[in-house]
Chemist: 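Shown below is the structure under consideration.
Bear in mind that the values here come from a model prediction, so they are computed numbers and not experimental data. Each chain gets a letter, A, B and so on, in the order its sequence line appears, and its residues count up from 1.
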Amino acid sequence: MNIFDNYLSKINEIILDNKKLLKLTTLDNLVNINLEVPPDHLDYDLSSNVSLVLAKTNKLNPINLASEIKNLLLKKESHFEKIDVARPGFINIKLSNDALVFNINKILKNKDTFGSKKYKKTYNIEFVSANPTGPMHVGHCRGAIFGDVLSNLLSFNGNKVVREYYINDYGNQIRNFVESVYLRIREIKFKEKFVVKENLYPGDYIKDIAKNIIKDNKNINVENFKNCYEELKKFSLKASMALIKDDLKKLGIEHDNFFSESELVKKNLVNITVKELQNRNFVEEGYLDPPKGEIPKNWKKVKRLIFKSTKFGDDADRALQKNDGTWTYFANDVAYHSDKISRKFDNLINILGADHTGYIKRITAAVSALSNKKVKMDCKVCQLVKLYKNGQPFKMSKRAGDFISVKELLNEVNKDSIRFMMLNRSNDAELDFDFEKVKEKTKDNPVFYVQYAYARINSISRTLKISLNDQISINVKTFQPNEYEHKIIRKIFEWPKIVESAANKLEPHKIPFYLYELSTLFHSYWSKGNEDSKFKLIQNGKIIKEDSLAFIYLIAIVIKNGMTILGVSLPEKM
RNA sequence: GCGCCUGUAGCUCAACUGGAUAGAGCGCUUGGCUACGGACCAGGAGGUUCUGGGUUCAAAUCCUAGCAGGCGCACCA
């Protein structure tokens with residue numbers, strides 16, 4: 001339930017029913033009418049631009065129209081107790097006590113679903129898709145958490161979400177990776193020195209993979225790289241995927257589907273997909289222009305198959321074949337997306353790192369081409385994460401090219417803090433992540449601040465010997481919220497709006513920001529009793545004003561629903 | 001040279017897809033508070049939303065021309 005939606009449709013209905021009375025000739029921009037949270041300094045519950053929107057197309061004076069609408073609404077909707085018109089034509093609405101009680105009781109009754117909707121769409125969300133050549137590093141972390149929480153958010157809204165991981169287990173990098181493992185095995189077995197060459201993976205984890213392969217497969221013959229390649233590849237990939245899955249698990253992330261690139265090649269899906277595009281005239285044989293700017297030394301003009309992605313908004317047409325005629329990474333990816341389309345999702349979402357921004361246009365172009373523009377694909381980009389320790393840039397690299405792994409990060413800070421902080425910023429903005437800040441137990445640390453609010457609420461329930469799962473309700477006759485409680489009610493009513501906007505815009509960062517604000521209201525409410533004893537909640541182990549319990553419950557409900565979406569735990573004691 | 005992202009208080013960032021007096025935290029400043037009912041709270045100062053044009057009842061938000069920073073730009077993945 002979303003009270004803004006509910007009352008907005010009532011307002012729309014009333015307007016429609018009284019079209020003549022209001023002298024409205026056209027209502028074609030009804031969709032632009034909104035019902036929103038009034039500015040902070042005004043003492044109202046709802047605020048609408050109805051009159052401004054309707055006055056424009058009907059060429060009426062917005063203030064006059066607003067006061068006519070005001071009278072009409074006061075007559076037709078009993079939940080509206082007071083309405084005022086504000087320049088240039090807004091109407092501000094105060095809900096009656098009955099309305100507040102009605103809505104609050106509804107929330108108290110439907111705790112777990114408060115804020116959610118029942119959309120029933122299907123989503124495929126591809127995220128992480130880190131190359132299976134080693135463990136995850138911090139760069140993957142943000143996108144991983146973003147994708148996971150976005151999935152939670154969309155599921156919370158009643159959608160069906162498939163979390164997918166595309167395994168890039170094909171191509172040269174895999175060959176290099178396997179060769180690295182191969183050389184490490186020889187290092188162990190034959191005491192050959194591992195010489196770091198370009199393109200080889202030097203990391204210590206390769207040694208561990210090598211050791212384990214030797215341990216589990218005593219008979220493996222590593223005399224000749226070519227002969228043992230396939231077998232070694234199988235073991236190496238399995239090992240590196242195990243590392244990645246372990247990292248993901250520790251971050252609280254689990255994918256539903258792992259899609260292998262080499263399987264896709266094996267099934268001949270690339271050829272089939274390219275042929276399909278050829279048939280529809282989106283592929284041609286030709287030459288590509290050299291890259292703009294500085295032309296690389298080994299640039300060659302080669303005849304090849306090209307996808308005409310400029311037809312779908314890309315800046316240039318894209319190669320499907322490499323210089324040697326084999327398929328490009330992009331060609332494989334087009335086939336992969338063709339497979340996604342065939343699985344009939346309503347929406348496709350890809351979560352990418354900032355370094356893949358340039359890839360978006362071509363792959364969305366491919367999806368448009370493959371689906372006749374019917375399937376919608378959104379690509380969300382997560383900007384870079386910069387690590388800090390006590391305000392200083394933090395680098396662990398012993399050698400250039402080394403990275404900070406997720407494991408190292410988890411050694412420093414816990415999963416909850418990482419998840420919350422990685423989302424506490426718009427995905428479009430770069431993110432500074434300070435190890436020490438995140439460990440602080442102060443207001444500086446938003447994770448703590450929200451968790452602390454919940455812990456305090458639990459201390460109340462312990463004192464009163466009640467459970468937050470208890471079913472309570474409030475009574476119209478006794479209900480008399482004070483100004484602080486009124487603020488809380490309004491904030492709580494806002495929650496479904498936050499969820500909806502976060503889901504629609506694919507911007508989960510709105511959730512932690514909101515939770516922080518809600519926690520502020522709670523801490524403030526809690527502290528009021530110290531300044532003025534009439535605001536005290538508990539005395540001698542008993543609740544003073546029965547209704548104040550409702551506010552505690554409301555806050556607990558929303559914090560819990562919010563943190564569940566974020567995948568961050570809520571300790572009852574801290 | 002081209003594309004995408006960013007530019008908002010001293011610093012780090014919000015602003016519900018065009019709304020009202022642009023909000024938080026940190027820092028600064030004034031006050032309260034022996035603790036799971038002070039890990040906090042209340043108040044104050046702090047703004048030409050990068051710049052110039054445009055669109056309209058209304059612009060941080062949309063269009064346009066610039067400026068500054070980040071990421072990327074054959075093939076590779």
Chemist: So which one's nearest nucleotide on RNA chain B is more toward 5', A/Asn172 or A/Asn504?
Modeler: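 Closest to the 5' end, via its nearest nucleotide, is A/Asn504.
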Chemist: How would you list all residue pairs meeting salt bridge (Lys or Arg N to Asp or Glu O under 4.0 Å) that involve residues 318-334 of chain A, not counting sequence neighbours?
Modeler: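 Matches after skipping sequence neighbours: A/Asp314-A/Arg318.
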Chemist: What pairs with A/Lys439 under side-chain hydrogen bond (donor to acceptor under 3.5 Å, both in side chains), at least two apart in sequence or on another chain?
Modeler: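 Residues passing side-chain hydrogen bond (donor to acceptor under 3.5 Å, both in side chains) with A/Lys439: none at all.
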Chemist: Is there a donor in the side chain of A/Tyr336 and an acceptor in the side chain of A/Glu261, or the other way round, less than 3.5 Å apart?
Modeler: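 No donor-acceptor contact under 3.5 Å links the two side chains.
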Chemist: Please list, chain by chain and in numerical order, all residues satisfying salt bridge (charged side-chain N to carboxylate O under 4.0 Å, His left out) with A/Arg419, sequence neighbours excluded.
Modeler: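 With neighbours one apart ignored, the set is A/Asp148.
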Chemist: Students often get this wrong, so: under 4.0 angstrom with heavy atoms, is A/Ile498 touching a base, only sugar-phosphate, or nothing?
Modeler: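 No contact.
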Chemist: Sequence neighbours left out, what passes side-chain hydrogen bond (donor to acceptor under 3.5 Å, both in side chains) with A/Ser48? Give chain and number order.
Modeler: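 Listed in chain order: nothing, the list is empty.
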Chemist: Choose from B/G3, B/G37, B/U21 the nucleotide whose nearest atom is closest to any side-chain atom of A/Asp315.
Modeler: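 That would be B/G3.
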Chemist: Roughly how many Å apart are B/C11 and B/G46, using the C1' atom of each and rounding to a whole number?
Modeler: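 Comparing C1' positions in B/G46 and B/C11 gives a spacing of 13 Å.
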Chemist: Taking the side chain of A/Val37 as its heavy atoms from C-beta onward, which of B/G72, B/C16, B/A14 lies nearest to it?
Modeler: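 Nearest listed nucleotide: B/C16.
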Chemist: Sticking with atom C1', work out how far B/U61 lies from B/C50, rounded to a whole angstrom.
Modeler: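 Comparing C1' positions in B/U61 and B/C50 gives a spacing of 15 Å.
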Chemist: A/Ile555 CD1 to B/G37 C1': how many Å, rounded?
Modeler: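 For the pair A/Ile555 CD1 and B/G37 C1', the rounded distance is 14 Å.
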Chemist: For B/A58, what is the paired nucleotide under Watson-Crick or G-U wobble rules, both distances under 3.5 Å?
Modeler: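 Result: none.
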Chemist: With rounding to whole Å, what would you report as the distance between B/C5 and B/A45 at their C1' atoms?
Modeler: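 Looking at atom C1' only, B/C5 and B/A45 are 34 Å apart.
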Chemist: So what does A/Lys300 hit on the nucleic acid, given a heavy-atom distance under 4.0 Å: a base, only sugar-phosphate, or nothing?
Modeler: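 The residue A/Lys300 makes no contact with any strand.
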Chemist: Which base sits across from B/G66 as a Watson-Crick or G-U pair, both distances under 3.5 Å?
Modeler: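 Paired with B/G66, as far as the under-3.5 Å criterion goes, is B/C50.
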Chemist: Will you find, in the side chains of A/Asn350 and A/Tyr166, an N or O donor that is under 3.5 Å from an N or O acceptor?
Modeler: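 Looking only at side-chain atoms, A/Tyr166 and A/Asn350 do not form any donor-acceptor pair under 3.5 Å.
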Chemist: From CH2 of A/Trp495 over to P of B/C16, roughly how many Å is that when rounded to an integer?
Modeler: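 Interatomic distance, CH2 of A/Trp495 to P of B/C16: 17 Å.
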Chemist: Salt bridge (charged side-chain N to carboxylate O under 4.0 Å, His left out) with A/Asp45: which residues, sequence neighbours excluded?
Modeler: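 For A/Asp45 the salt bridge (charged side-chain N to carboxylate O under 4.0 Å, His left out) partners, ignoring immediate neighbours, are A/Arg490.
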Chemist: The side chain of A/Asp428 is closest to which nucleotide in this list: B/C16, B/U12, B/U6?
Modeler: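 Of B/C16, B/U12, B/U6, B/U6 is nearest to the side chain of A/Asp428.
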Chemist: Can you see whether A/Gln173 engages A/Asn131 through a side-chain donor-acceptor pair at a distance of less than 3.5 angstrom?
Modeler: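 The criterion, which ignores hydrogens and geometry beyond distance, is satisfied for A/Asn131 and A/Gln173.
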Chemist: Please determine whether a side-chain nitrogen of the Lys or Arg among A/Glu507 and A/Lys510 lies less than 4.0 Å from a carboxylate oxygen of the Asp or Glu.
Modeler: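 Yes, this pair counts.
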Chemist: When you measure from the side chain of A/Ser501, which nucleotide among B/U6, B/G37, B/C16 comes out closest?
Modeler: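 Shortest atom-to-atom distance from the side chain points to B/C16.
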Chemist: So what does A/Leu288 touch, heavy atoms closer than 4.0 Å: a base, only the sugar-phosphate, or nothing?
Modeler: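 Contact class for A/Leu288: none.
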Chemist: Between atom OH in A/Tyr514 and atom C1' in B/A15, what is the gap in whole Å?
Modeler: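 After rounding, the gap between these two atoms is 16 Å.
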Chemist: Quick one: label A/Pro62 by what it contacts on the DNA or RNA (base, sugar-phosphate, nothing), any heavy atom closer than 4.0 Å.
Modeler: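 No contact.
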Chemist: Can you tell me the Watson-Crick or wobble partner of B/U21, both distances under 3.5 angstrom?
Modeler: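 Partner of B/U21: none.
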Chemist: Measure all distances between protein nitrogen or oxygen atoms and nitrogen or oxygen atoms of nucleotides 40-49 of chain B, and list the pairs falling under 3.5 Å.
Modeler:
{"from": "B/C40", "atom 1": "OP1", "to": "A/Lys443", "atom 2": "N", "distance (Å)": "2.6"}
{"from": "B/C40", "atom 1": "O2'", "to": "A/Arg456", "atom 2": "NH1", "distance (Å)": "3.4"}
{"from": "B/C40", "atom 1": "O2'", "to": "A/Ser527", "atom 2": "OG", "distance (Å)": "3.3"}
{"from": "B/C41", "atom 1": "OP1", "to": "A/Tyr449", "atom 2": "OH", "distance (Å)": "2.3"}
{"from": "B/C41", "atom 1": "OP2", "to": "A/Lys443", "atom 2": "NZ", "distance (Å)": "3.3"}
{"from": "B/C41", "atom 1": "O4'", "to": "A/Ser527", "atom 2": "OG", "distance (Å)": "3.3"}
{"from": "B/C41", "atom 1": "O2'", "to": "A/Glu531", "atom 2": "OE2", "distance (Å)": "3.0"}
{"from": "B/A42", "atom 1": "OP1", "to": "A/Ser524", "atom 2": "OG", "distance (Å)": "2.9"}

Chemist: Sequence neighbours left out, what passes side-chain hydrogen bond (donor to acceptor under 3.5 Å, both in side chains) with A/Thr310? Give chain and number order.
Modeler: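 Residues passing side-chain hydrogen bond (donor to acceptor under 3.5 Å, both in side chains) with A/Thr310: A/Asp317.
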Chemist: Between B/C75, B/G19, B/A77, spot the one nearest the side chain of A/His356, thanks.
Modeler: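 For A/His356, the side-chain atoms sit closest to B/A77.
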Chemist: Considering only B/A24, B/U12, B/C57, which nucleotide approaches the side chain of A/Arg425 most closely?
Modeler: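 My answer, after comparing the listed nucleotides, is B/U12.
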Chemist: Quick one: look up who B/G3 pairs with, Watson-Crick or G-U, both distances under 3.5 Å, and put none if it's unpaired.
Modeler: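 Here B/G3 is engaged in a pair, and the nucleotide opposite it is B/C71.
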Chemist: Could you tell me which residues satisfy salt bridge (charged side-chain N to carboxylate O under 4.0 Å, His left out) with A/Glu572, sequence neighbours excluded, listed by chain and number?
Modeler: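 Counting only residues at least two positions away or on another chain, A/Glu572 forms no salt bridge (charged side-chain N to carboxylate O under 4.0 Å, His left out).
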Chemist: Grab the CZ-C1' distance between A/Phe420 and B/G25 for me, whole Å please.
Modeler: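 Atom-to-atom, A/Phe420 to B/G25, this comes out as 12 Å.
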Chemist: Which part of the nucleic acid does A/Ala354 contact within heavy-atom distance under 4.0 Å: base, sugar-phosphate only, or nothing?
Modeler: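 Sugar-phosphate contact only - A/Ala354 comes under 4.0 Å of backbone atoms but never of a base.
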Chemist: Searching all strands shown, indicate the nucleotide that pairs with B/U8 (Watson-Crick or G-U wobble; both distances under 3.5 Å).
Modeler: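 Pair assignment: B/U8 / none.
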Chemist: What's the closest nucleotide to the A/Ser459 side chain, out of B/U17, B/C76, B/G37?
Modeler: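 Ranking B/U17, B/C76, B/G37 by closest atom to the A/Ser459 side chain puts B/G37 first.
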Chemist: Could you go through nucleotides 67-70 of chain B and list every protein N or O atom that sits under 3.5 Å from one of its N or O atoms, giving the distance for each pair?
Modeler:
{"from": "B/G70", "atom 1": "O2'", "to": "A/Glu430", "atom 2": "OE2", "distance (Å)": "2.7"}

Chemist: Give me the distances for all protein-to-nucleotides 58-63 of chain B N/O pairs that come in under 3.5 Å?
Modeler:
none

Chemist: If you find the nucleotide of RNA chain B closest to A/Gln173 and the one closest to A/Ile538, which residue's nucleotide is nearer the 5' end?
Modeler: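 Result: A/Ile538.
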Chemist: Using a heavy-atom cut-off of under 4.0 Å over every strand shown, decide if A/Asp432 touches base, sugar-phosphate, or nothing.
Modeler: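 Since only primed, P, OP1 and OP2 atoms lie under 4.0 Å of A/Asp432, the category is sugar-phosphate.
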Chemist: Say we look at B/A74 and B/C62: how far apart would their P atoms be, to the nearest angstrom?
Modeler: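 It comes out at 29 Å once rounded to the nearest Å.
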Chemist: Choosing from B/C4, B/A14, B/C75, which nucleotide comes nearest the side chain of A/Lys361?
Modeler: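 Nearest to the side chain of A/Lys361 among the choices is B/C4.
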Chemist: For B/U30 versus B/U49, give the span between their P atoms, rounded off to a whole number of Å.
Modeler: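 That atom pair is separated by 31 Å.
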Chemist: Using a 4.0 Å heavy-atom cut-off, does A/Ala502 contact any base of the nucleic acid, only the sugar-phosphate backbone, or nothing at all?
Modeler: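 Nothing: the residue A/Ala502, judged by heavy atoms under 4.0 Å, touches no strand.
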Chemist: May I have the step-by-step check of side chain to side chain contact (heavy atoms under 4.5 Å, CB included) for A/Asn504 and A/Ser501, ending in yes or no?
Modeler: CA-CA 5 Å; A/Asn504 285 347; A/Ser501 137; 5.7 Å; no
Chemist: Considering only the P atoms, how many Å lie between B/G18 and B/U6, rounded to the nearest integer?
Modeler: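 To the nearest whole Å, 15 Å.
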Chemist: What are the two closest heavy atoms between A/Ala331 and A/Val270, and how far apart are they?
Modeler: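 Heavy-atom minimum between the residues: O-CG1, 3.9 Å.
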Chemist: Applying salt bridge (charged side-chain N to carboxylate O under 4.0 Å, His left out), can you list everything that pairs with A/Lys266, at least two apart in sequence or on another chain?
Modeler: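 Once residues adjacent in sequence are excluded, the partners of A/Lys266 under the salt bridge (charged side-chain N to carboxylate O under 4.0 Å, His left out) criterion are A/Glu263.
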Chemist: Among the candidates B/A77, B/C75, B/U21, find the nucleotide nearest to the side-chain atoms of A/Arg304.
Modeler: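 So the side chain of A/Arg304 is nearest to B/C75.
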Chemist: Pick the C1' atom in B/U8 and in B/U55, then give their distance to the nearest Å.
Modeler: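 Per the computed distance, 22 Å lies between those C1' atoms.
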Chemist: Under the side-chain hydrogen bond (donor to acceptor under 3.5 Å, both in side chains) test, which residues partner A/Lys437, sequence neighbours left out?
Modeler: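 side-chain hydrogen bond (donor to acceptor under 3.5 Å, both in side chains) check on A/Lys437 returns nothing, list empty.
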Chemist: Select base, sugar-phosphate, or nothing to describe what A/Phe90 touches, counting heavy atoms under 4.0 Å on all strands.
Modeler: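 The residue A/Phe90 makes base contact.
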